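Just below is one structure, and these are the notes that go with it.
Because the structure is predicted, anything quoted here is derived from the model rather than measured.
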Amino acid sequence: MKREKFSSSFSVFLATLGSAIGLGNIWRFPYITGMNGGGAFLFVYLICVLLVGIPVMISEFFIGRKTRLNPVLAFEKLGGRKWSVVGYMGIIASLLIMFFYSAVAGWVYSYTFKSLMGKFNGVTLETSKEIFINTITNPKGVILWQIIALLVVAFVLAMGVKGGIERATKILMPILFILILICDIRALTLENSFEGIKFLFAVDFSKLKSSSILTALGLSFFKLSLGVGAMITYASYFTDDDNLMLTSLNVALSDTLISLLAGIAIFPTVFAFNMEPSYGPGLLFITLPLIFSKLPFGNVLLFMFFLLTSIAATTAMLSLVEVSVAYFMEVKKIDRRKSVFIVTCIIALFGSLAALSVEGNVLSNVKILGKSIFDTFDYLSSNILLPLGGILISAFVGYFIRWEEVVLEIVKNHEYRNSVYLRVLLYVLKYITPILILVIFIKELF
Ligand code: TRP
């Protein structure tokens, strides 16, 4: 059977960006930045993207397009049997992420519906908090919406790479961008908005916590969809001549831009309403309805914003689920639709446990090593498996593959072969990336 492929470099860019932009940008990045001291954290984050994010992304692109296989077989082909472990680790990590990610996507879907029903009309800080708590603690509700989100992802994936992933991202990404801009304009014209901008951009290293560096590293992996083989899987569908160096730069840059735009939409509002910037995961769900309640036609805009956040979450989930789907198709020889079905069932099963384990919901008393099920999935994937995957992926490409082979694949048919940037990049990939991740990782664990 012929392997599927994206149809152009632009589709490659949009699908990859669709994977990168998600709840990580719109939900996680703003609140994590808020909890870790704002601008100083941003600075650390940007360094992580440059020294770690981009090199790991290029490594994944290399592995995927060179072999045109799913992560398990790709590692096996390039490095022999024992390296396929890294592929399996990726599959486990991508599933762990999906377990809690689909729960949050469910909250967003439910918010989309609630805003359509006018539930946020005339909302105040108090009622907004109340709606959020009711949303995440209602057992039937969270599971229903999580399953709906999973069905949408399954539906798109069942239509394949071109007919599903490519078509969905092409339509949805531009709309999301325009909506974030509209929110930004409104947030910036609020009274006191400058306080929020100052908070986001003012660099104060004394506010950094000791855990902030690993958090920034984990976040850069999470936001750029790295460490689990999602980018390996997507790159296995890339066009033959796509310039992997430019694609990774464009994606990293655009992803960072969208995160900043999301921060700019949120922090000025936080300050305008005298709320705590370190509010945590509820930031998006509690402050956004407040912003929109101040806008003319706010109801319509709020609905559109949550609809598009749902879309961002959905396009990101496509890549997470596709890792396992590609595995089942190629290793277990199961057809696409059945593979999608199997993977969706696994995620629904464990994902609902994550959804029900949130503070105030029925399983919140179940603790694994002092953490809820939701937090355990999150911690294991974001703080352990993603960095570990990153070390192995970058060290593999840096030390086990000949340099010329990497260059030839990264810039096939392009004139960038001798660019200084590429050379610097390969040095960083070999001598900085894996070592830096290792140091931060070990320091955090012990
Ligand atoms: N990048 C997505 C976000 O920011 C989440 C995501 C999609 C992801 N694919 C991934 C995270 C692969 C880690 C690995 O929301």
Please say which of Phe100, Phe99, Phe350 ends up in a ring pair (Phe, Tyr, Trp, His ring centres under 6.0 Å) with Phe374.
Phe100
Could you tell me whether a side-chain N or O of Arg65 sits under 3.5 Å from a main-chain N or O of Tyr237, the two making a donor and an acceptor?
no
Under 3.5 Å, is there a donor-acceptor pair between the side chain of Asn25 and the main chain of Gly22?
yes
May I ask you to test the Val86-Pro71 pair for a side-chain heavy-atom distance under 4.5 Å?
no
Donor-acceptor check, side chain of Thr16 to backbone of Val12, threshold 3.5 angstrom: yes or no?
yes
Side-chain contact, heavy-atom cut-off 4.5 Å: Val123 with Asn121?
no
For a quick test of reading the model, state the closest non-hydrogen atom pair linking Pro268 to Leu188 and the distance between them.
CG-CD2, 4.4 Å
Within the structure provided, determine whether Phe305 and Ile182 are in side-chain contact (heavy-atom separation under 4.5 Å).
no
Determine whether the side chains of Ser319 and Ser225 contain a donor N or O and an acceptor N or O closer than 3.5 Å.
no
Are more than 12 heavy atoms, taken from residues, nucleotides or ligands other than Ile213, located less than 6.0 Å from that residue's CD1 atom?
no
May I ask you to test the Val366-Leu363 pair for a side-chain heavy-atom distance under 4.5 Å?
yes
Exceeds 12 heavy-atom contacts within 6.0 angstrom, atom CZ of Phe201
yes
Distance flag, aromatic centroids of Tyr427 and Trp403, threshold under 6.0 Å
yes
Under 3.5 Å: donor-acceptor pair, side chain of Tyr399, backbone of Lys430:
yes
4.5 Å side-chain heavy-atom contact, Val251 and Phe13
yes
Closest approach of Asn361 to Pro139 (non-hydrogen atoms, all atoms of both residues)
OD1-CG, 3.6 Å
Looking at Thr315 and Ser19, would you say the former's side chain and the latter's main chain have a donor-acceptor pair under 3.5 Å?
no
Please say whether the positively charged group of Lys371, taken as NZ for Lys or CZ for Arg, lies over the ring of Tyr379, i.e. under 6.0 angstrom from the six-membered ring centre and within 45 degrees of the axis.
yes
If I compare all heavy atoms of Ile410 with all of Met245, which pair ends up nearest, and what's the gap?
CG2-N, 3.6 Å
Neighbour count >12 (heavy atoms, 6.0 Å) for atom CG, Leu349
yes
Between Glu166 and Ser11, a side-chain donor and acceptor under 3.5 Å:
yes
Strictly distance-based, threshold 3.5 Å: is any side-chain N or O of Asn138 a donor or acceptor partner for the main-chain N or O of Gly141?
yes
On a heavy-atom basis, which atom in Tyr111 and which in Ser128 lie closest, and how many Å separate them?
OH-O, 4.3 Å
Taking C-beta and beyond as the side chain, do Ile58 and Leu425 meet within less than 4.5 Å on heavy atoms?
yes
May I ask you to decide if Leu116's main-chain N or O and Lys119's side chain share a donor-acceptor pair within less than 3.5 Å?
no
Does any part of the side chain of Leu257, heavy atoms only, come nearer than 4.5 Å to the side chain of Leu260, both counted from C-beta?
no
Excluding sequence neighbours, so at least two apart, what forms side-chain hydrogen bond (donor to acceptor under 3.5 Å, both in side chains) with Lys114?
Ser110, Thr135
When you check the side-chain N and O atoms of Thr215 and Ser212, is any donor under 3.5 Å from an acceptor?
no
Among Val44, Leu51, Val49, find the one that has a side-chain contact (heavy atoms from CB on, under 4.5 Å) with Ser220.
Val49
Under the 3.5 angstrom rule, does the side chain of Ser59 hit a backbone N or O of Ser394 as a donor-acceptor pair?
no
Would you mind checking if Arg28 and Asp378 are paired as a salt bridge, meaning a charged N to carboxylate O distance below 4.0 Å?
yes
Pairwise side-chain contact, Phe221 with Ser382, heavy-atom cut-off 4.5 Å (strictly under):
no
Under 6.0 Å between ring centres, would you say that holds for Tyr45 and Phe29?
yes
Would Asp255 and Lys223 satisfy salt bridge (charged side-chain N to carboxylate O under 4.0 Å, His left out), going step by step from the backbone distance to the final call?
CA-CA 8 Å; Asp255 178 79; Lys223 268 167 40 40; 2.6 Å; yes
Between Gln146 (side chain) and Ala348 (backbone), is there a donor-acceptor pair under 3.5 Å?
no
Specify the closest pair of heavy atoms between Ala265 and Ala187, including all atoms of both residues, with the distance to one decimal.
O-CB, 3.4 Å
Any donor-acceptor pair under 3.5 Å from Thr112 side chain to Phe306 backbone:
yes
To check you understand the geometry: which heavy-atom pair defines the closest contact between Leu200 and Gly263, and what is its length?
CD2-C, 3.8 Å
